[in-house]
Number of protein chains: 2
Amino acid sequence: MDDFIATCRREGLSVTYQRIVIYKALSSTKTHPSAEMVYRMVKKEYPSISLATVYKNLETLADHGIIAKVTPLHDLARFDADTNLHHHLVCVHCKKIIDIHDTNLNEIEIEHEKAPGFQVLGYQIQFVGVCNECAVKQQISEAV
Amino acid sequence: MDDFIATCRREGLSVTYQRIVIYKALSSTKTHPSAEMVYRMVKKEYPSISLATVYKNLETLADHGIIAKVTPLHDLARFDADTNLHHHLVCVHCKKIIDIHDTNLNEIEIEHEKAPGFQVLGYQIQFVGVCNECAVKQQISEAV
DNA sequence: TTGGATGCAAATACTTTGCACACGG
DNA sequence: CCGTGTGCAAAGTATTTGCATCCAA
């Protein structure tokens with residue numbers, strides 16, 4: 001937890017009791033909870049906390065790379081007519097999704113003991129990064 | 001488009017004008033649109049279509065594997081305190097997310113020419129499948 | 001003391017649902 | 001004709017925002 005406090009300081013984030021309790025709740029579980037689930041966990045230790053605070057903190061901590069969003073594209077369901085095995089590039093800025101057809105990526109195997117009891121049906125790789133257009137925009141805004 | 005009609009027949013889905021226009025819109029683009037975006041595209045050809053019909057059709061077509069959801073976990077933002085490179089198993093039934101730490105999966109490279117102009121910052125593999133608990137439940141319900 | 005953080009309530013965004021009617025098979 | 005699909009409106013769920021107050025630095 002001292003690590004967390006130091007990281008907040010380094011990132012210029014205030015160290016509030018709420019923030020600590022939220023982080024403690026998230027780091028105590030491997031269940032990859034939603035904001036609502038974190039809220040329920042946190043309420044046990046701090047019943048007066050507000051759901052909005054949980055949302056704001058999870059977003060802030062993710063922005064600073066202190067926690068991770070498992071579902072970076074969760075805000076909108078997005079569809080694809082191409083049902084063949086392929087992968088995606090996702091631009092972190094504009095959320096654009098670009099198809100990657102690369103047969104080298106189609107033979108990934110997971111060691112069975114890493115996923116005991118889990119029946120793997122398929123997989124999908126999400127590369128995250130910055131697309132051409134957004135990189136250009138960034139350069140322009142930095143040049144100002 | 002004949003393929004699509006044949007597939008619908010095979011899957012026991014009625015072939016309606018709306019369904020065809022929705023599929024045509026989705027398959028005409030590589031932008032991985034949301035339901036709202038598909039709705040806007042479809043409205044040009046069929047202005048009286050309802051947004052609910054678009055939602056219902058996208059869901060139905062995805063259920064039958066005729067189209068794909070790029071974002072199977074879109075319904076809820078989910079967080080992880082572990083920011084180290086690792087991957088996830090997702091159960092298609094209960095949406096449980098299980099961590100996979102397997103260093104073999106941490107050295108995937110994308111051929112540069114496959115993603116021209118895209119600056120790759122990282123990646124994440126989502127394995128989809130059925131978890132132990134859901135597999136057991138399925139066996140029980142099939143045994144009835 | 002001051003800017004960031006909190007908490008409440010209201011607003012918004014996305015998606016689903018119920019139901020009467022229409023239409024495909 | 002029967003059952004699935006459509007369209008509308010209403011409801012539901014997830015998330016964000018505005019703003020007054022509070023608190024960490």
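Note that the structure is predicted; figures quoted are calculated from it, not measured. Sequence lines set the chain letters: A, B, ... in the order given, protein chains first and strands last, and positions in each chain run from 1.
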Q. If you find the nucleotide of DNA chain C closest to B/Y17 and the one closest to B/A52, which residue's nucleotide is nearer the 5' end?
A. B/A52
Q: Map B/L51 and B/V15 onto DNA chain C by nearest heavy atom, then report which one ends up closer to the 5' terminus.
A: B/L51
Q) Would A/H86 and A/H101 count as a close aromatic pair, with their ring centres under 6.0 Å? A) yes
Q.
Looking only at the aromatic ring of each residue, does the gap between the centers of B/Y123 and B/H87 stay below 6.0 angstrom?
A. yes
(Q) Check this for me: does the side-chain of A/K56 come within 3.5 Å of the base of D/dG18 through a donor and an acceptor? (A) yes
Q: Flag the pair A/V90 / A/K96 as yes when at least one side-chain heavy-atom distance between them is below 4.5 Å, and no otherwise.
A: no
(Q) Using a 4.0 Å heavy-atom cut-off, does B/S34 contact any base of the nucleic acid, only the sugar-phosphate backbone, or nothing at all? (A) nothing
Q.
Classify B/Y46 by what it touches in the nucleic acid, base, sugar-phosphate, or nothing, heavy-atom distance under 4.0 Å.
A. sugar-phosphate
Q. Do B/H88 and B/Q126 pass the side-chain hydrogen bond (donor to acceptor under 3.5 Å, both in side chains) test, and can you show the C-alpha distance, the side-chain angles, and the key distance before you say yes or no?
A. CA-CA 5 Å; B/H88 295 113; B/Q126 268 186 16; 6.0 Å; no
Looking only at side-chain N and O atoms, does [X] come under 4.0 Å of OP1 or OP2 in [N]?
X     : N      : answer
B/R9  : C/dG25 : yes
B/Y55 : C/dT15 : yes
A/T53 : C/dG7  : yes
A/Q18 : C/dG7  : yes
B/T16 : C/dC23 : no

(Q) Let's see if you can work this out: which of C/dG24, D/dC19, D/dG7 has an atom nearest to the side-chain heavy atoms of B/S14? (A) C/dG24
**Q.** Nucleotide nearest B/H74 when distance is taken to its side chain, options C/dC8, C/dT15, C/dT17
**A.** C/dT15
Can you tell me how far [atom2] of [N] sits from [atom1] of [X], to the nearest Å?
X     : N      : atom1 : atom2 : value
B/R10 : C/dG25 : CZ    : P     : 15 Å
A/R40 : D/dT13 : CZ    : P     : 12 Å
B/E36 : C/dT12 : CD    : P     : 16 Å
B/K95 : D/dT13 : NZ    : P     : 16 Å
B/E59 : C/dT16 : CD    : C1'   : 10 Å
B/N57 : D/dT4  : CG    : P     : 15 Å
A/Y39 : C/dT6  : OH    : P     : 14 Å
B/R19 : C/dC23 : CZ    : C1'   : 12 Å

Q: Might you point out which heavy atoms bring B/C134 and B/H93 nearest each other, and give the distance in Å?
A: SG-CB, 3.6 Å
Q: Would you kindly compare B/L76 and B/I22 by the position of their nearest DNA chain D nucleotide and give the one closer to the 5′ end?
A: B/I22
(Q) Is the ring pair B/Y23/B/F4 parallel, tilted or perpendicular, if the boundaries are 30 and 60 degrees? (A) parallel
